[in-house]
Structure formats: C-alpha cells, structure tokens
Amino acid sequence: MSLKKTAIVTGAQQGIGAGLVERFQKDGYNVVATSLNTGQSLTASPSLVLVDGDISKQETASKTVEAAIKKFGSIDVLVCNAGIFITKPFVDFTTEDFNALTSINLLGFIYITQLTVKQMLKQKSGSVISISGSLADQPIAGVNASVSMITKGGLNTVIRSLAIEYAKEGIRFNAVAPGVVDTPLHKENPKDFLKTLQPMGRIADVKDIADAVLYLTQAGQVTGEVIHVDGGAHAGRW
C-alpha cells in the first residue's frame with residue numbers, strides 16, 4: 001500500500017481532466033486516470049494508472065476503482081469530471097441528446113461514486129468532487145443549454161444530499177461549477193465572444209479549476225458546497 005494519497009480523475013484525456021491529473025501528480029498524489037483513450041495524452045508511470053473505457057458503463061467504473069485499490073490501496077479523492085455539453089434551442093433537443101447527457105453526466109457519476117464510496121466507508125474518510133456548470137444556476141441569454149443543465153443541476157443537488165448522508169462517515173461531497181474555461185471544448189468559439197460571458201471579462205484557465213478542486217480536497221470542514229469558478233457569472237446580470 002502506498003503512503004501517498006490517491007485520486008481518481010474521470011474524463012482525464014484532455015482539458016480540465018488532463019490538467020487535474022497533472023496537478024494531482026505535482027502535489028504528490030498517486031492518480032488513476034480514466035477516459036475513452038487516456039493514452040492519447042497521458043503516459044502511465046509508477047504513480048499514474050490509466051484506465052480506458054466509457055464512463056457511462058458500470059464495467060469502466062469497476063475497472064477504475066479496482067485499479068486504484070489494487071495498485072495504491074486506497075481512494076482519497078474522486079473527481080467526477082467526465083461529461084458532455086450540448087447547446088441548441090430547447091425545442092430541438094432530441095431523445096438521443098437526453099440519453100447521451102444523462103448516461104455520461106449522471107450515470108457516469110453514479111456508477112463510479114457508488115463504488116468509491118464503498119471504499120471510502122472502509123477508510124472512514126474521502127472527498128468526492130463533481131464538475132458541474134455555472135449555467136445551472138445562472139442561465140445566459142443566447143447560450144441555449146437547458147437540457148444539458150438538467151444534468152449539471154442534478155449533480156449540484158446530489159452532492160448536497162450525499163454530503164448529509166455521509167457526513168458522520170467522514171466523506172465529503174462538493175462541486176466545482178465552471179463558467180467558460182479555455183479548453184478544446186471552445187476551440188471553435190471566438191475568444192472575444194467568450195469573454196463577454198463572464199463579468200470579469202476573462203476566460204478561466206484549467207489552473208483556475210484545479211485550484212478550486214485542490215482546495216476542496218484539503219478543506220476538511222467544507223461539504224455540500226458548490227464553488228463557482230465563473231468570474232461572477234452566477235451572481236446575476238452584468
């Protein structure tokens with residue numbers, strides 16, 4: 001068993017997920033990274049285990065949790081970062097869109113969190129952090145993501161419920177709700193337009209999200225919290 005703490009990061013292939021893997025390793029964690037094709041951007045090492053698979057499938061969750069326990073002996077942090085985001089007018093959302101959003105954003109969270117919590121119950125400690133979205137609390141005119149936000153708002157709700165359910169077991173649940181972040185998701189969007197979507201007029205970096213996540217891993221009295229990393233967009237009109 002490793003004496004270092006162990007973090008699982010889902011959706012680790014690129015963007016926020018890849019940034020979190022790098023940050024956790026820099027901070028001395030063992031990491032288990034999972035995504036459809038982790039080897040595309042990550043390289044396995046003694047402190048980094050890669051697990052390829054679809055997070056919406058139970059077998060991927062099982063392989064990931066088993067890898068963490070077998071290799072490192074514990075799971076101290078789980079970051080549920082994997083997710084998809086679809087924008088279109090409400091009347092154009094399809095059943096296929098809804099099924100894709102719920103299977104990845106919600107079932108993906110449920111499967112791996114259930115297995116992780118079972119391990120954390122044995123340890124009597126742990127931190128689970130979901131990556132949701134600022135738009136769930138403050139819609140922006142012209143950014144039509146209503147059905148996507150059903151899932152992100154659901155993540156905000158479930159972490160509050162779980163924070164109470166497992167408070168006496170020493171397991172904490174929180175969420176980070178980003179606004180616009182400079183990742184491949186927005187590579188086709190004009191930067192000048194993206195800057196208008198946050199009151200501070202700056203596109204967030206992956207580091208900004210990682211800072212919030214690492215804070216939550218260390219803040220022993222913080223649970224049931226949604227931290228908005230959105231330049232103030234959740235606060236209202238600007």
Problem - Val128 with Tyr29, same ILVMFWY side-chain cluster at under 4.5 Å - result: no
Handout entry: Check: Asp192 main-chain N/O paired with Thr196 side-chain donor or acceptor under 3.5 Å
Key = no
Exercise for the section: Check Thr113 against Cys80 and note the closest heavy-atom contact, atom names and distance. Expected result: OG1-SG, 3.5 Å
Exercise for the section: Verify side chain to side chain contact (heavy atoms under 4.5 Å, CB included) between Thr151 and Thr102, making sure each step is shown before the conclusion. Expected result: CA-CA 6 Å; Thr151 62; Thr102 55; 4.1 Å; yes
Completion exercise
In this structure, CD1 of Ile69 is separated from NZ of Lys122 (nearest 0.5 Å) by 6.0 Å
Problem - Beyond-backbone contact of Lys71 with Val32, side-chain heavy atoms, under 4.5 angstrom - result: no
Handout entry: Stepwise side chain to side chain contact (heavy atoms under 4.5 Å, CB included) check, Ile112 with Leu78
Key = CA-CA 9 Å; Ile112 197 162; Leu78 167 63; 4.1 Å; yes
Practice task
With the side chain counted from C-beta on, respond yes when Ile75 and Met120 share a heavy-atom pair under 4.5 Å apart, and no when they do not.
Solution key: yes
Side-chain atoms of residues 132-145: list all donor-acceptor pairs with protein atoms under 3.5 Å, sequence neighbours left out, distances to 0.1 Å.
| residue | atom | partner | partner atom | Å |
| --- | --- | --- | --- | --- |
| Ser132 | OG | Asn156 | OD1 | 2.7 |
| Ser134 | OG | Asp230 | OD2 | 2.5 |
| Asp137 | OD2 | His228 | NE2 | 2.7 |

Fill in the blank from the handout: Taking every heavy atom of Thr38 against every heavy atom of Gln13, the minimum-distance pair comes out as N-OE1, 4.3 Å
Practice task
May I ask you to test the Thr183-Val206 pair for a side-chain heavy-atom distance under 4.5 Å?
Solution key: yes
Exercise for the section: Find out if a path of hydrophobic residues (ILVMFWY) with successive side-chain heavy-atom gaps under 4.5 Å connects Phe98 to Leu155. Expected result: yes
Practice task
Find the distance between CG (Leu162) and CZ (Phe173) and round it off to the nearest 0.5 Å.
Solution key: 4.5 Å
Practice task
For side chain to side chain contact (heavy atoms under 4.5 Å, CB included), just list the numbers for Val226 and Ile159, CA-CA rounded to whole Å, side-chain angles, deciding distance to a tenth of an Å, and then say yes or no.
Solution key: CA-CA 9 Å; Val226 179; Ile159 65 101; 4.2 Å; yes
Fill in the blank from the handout: Taking every heavy atom of Asn174 against every heavy atom of Thr223, the minimum-distance pair comes out as OD1-CA, 3.2 Å
Practice task
Report yes if some heavy atom in the side chain of Ser148 is under 4.5 Å from a heavy atom in the side chain of Thr87; otherwise report no.
Solution key: no
Practice task
Please name the pair of heavy atoms, one in Ile203 and one in Lys191, separated by the smallest distance, quoted to 0.1 Å.
Solution key: CD1-CD, 3.5 Å
Exercise for the section: May I ask whether Phe109 and Ile8 are part of the same hydrophobic cluster, defined by side-chain heavy atoms of I, L, V, M, F, W, Y residues being less than 4.5 angstrom apart, directly or through others? Expected result: yes
Exercise for the section: Determine yes or no for a side-chain-to-main-chain donor-acceptor pair under 3.5 angstrom, with Thr34 supplying the side chain and Asp52 the backbone. Expected result: no
Fill in the blank from the handout: In terms of heavy-atom contacts, Tyr111 and Lys57 come closest through CD1-C, 4.0 Å
Practice task
Please list, chain by chain and in numerical order, all residues satisfying side-chain contact (heavy atoms from CB on, under 4.5 Å) with Glu169, sequence neighbours excluded.
Solution key: Leu121, Lys124, Tyr166, Ile171
Fill in the blank from the handout: To the nearest 0.5 Å, atom CH2 of Trp238 lies from atom CE of Met200 at 12.5 Å
Handout entry: Residue pairs, two or more places apart or on separate chains, that pass salt bridge (charged side-chain N to carboxylate O under 4.0 Å, His left out) and touch residues 88-107
Key = Lys88-Asp97
Handout entry: Val158-Val176 co-clustered via ILVMFWY side chain contacts under 4.5 Å
Key = no
Practice task
Please examine the side chains of Ile86 and Val147, heavy atoms only from C-beta on, and report whether any two atoms are closer than 4.5 Å.
Solution key: no
Handout entry: pair Val77-Lys5: side-chain heavy atoms closer than 4.5 Å
Key = no
Handout entry: Rounded distance (nearest 0.5 Å) linking atom CG of Leu214 with atom OG1 of Thr217
Key = 4.5 Å
Problem - With Ile104 via side-chain contact (heavy atoms from CB on, under 4.5 Å) - residues at least two apart - result: Ile55, Ser56, Ile84
Problem - Gap separating the OG atom of Ser146 from the CZ atom of Phe93, nearest 0.5 angstrom - result: 5.0 Å
Exercise for the section: Using atom types as modelled and distance alone, determine if a side-chain donor or acceptor of Gln14 lies under 3.5 Å from a backbone N or O of Ser41. Expected result: no
Exercise for the section: Verify the cluster assignment for Ile227 and Val213: are they in a single hydrophobic cluster under the rule of side-chain heavy atoms below 4.5 Å apart? Expected result: yes
Problem - Lys152 and Asn105, any side-chain heavy atoms less than 4.5 Å apart - result: yes
Please tabulate, for side-chain N and O atoms in residues 15-27, each donor-acceptor pair with protein atoms closer than 3.5 Å (sequence neighbours left out).
| residue | atom | partner | partner atom | Å |
| --- | --- | --- | --- | --- |
| Arg23 | NH1 | Asp211 | OD1 | 2.8 |
| Arg23 | NH2 | Asp211 | OD1 | 3.2 |
| Gln25 | NE2 | Ser47 | OG | 3.2 |

Problem - Sub-4.5 Å side-chain heavy-atom contact between Asp76 and Gln123 - result: yes
Handout entry: Contact summary for Leu50 and Thr43, nearest pair of heavy atoms
Key = CD1-C, 4.2 Å
Handout entry: Whether over 12 other heavy atoms sit under 6.0 Å from Phe85 CZ
Key = yes
Exercise for the section: Give, for atom CG of Leu101 and atom CG of Leu107, the distance between the pair rounded to the nearest 0.5 Å. Expected result: 12.0 Å
Exercise for the section: With sequence neighbours excluded, tell me which residues meet side-chain hydrogen bond (donor to acceptor under 3.5 Å, both in side chains) with Arg202. Expected result: Asp208
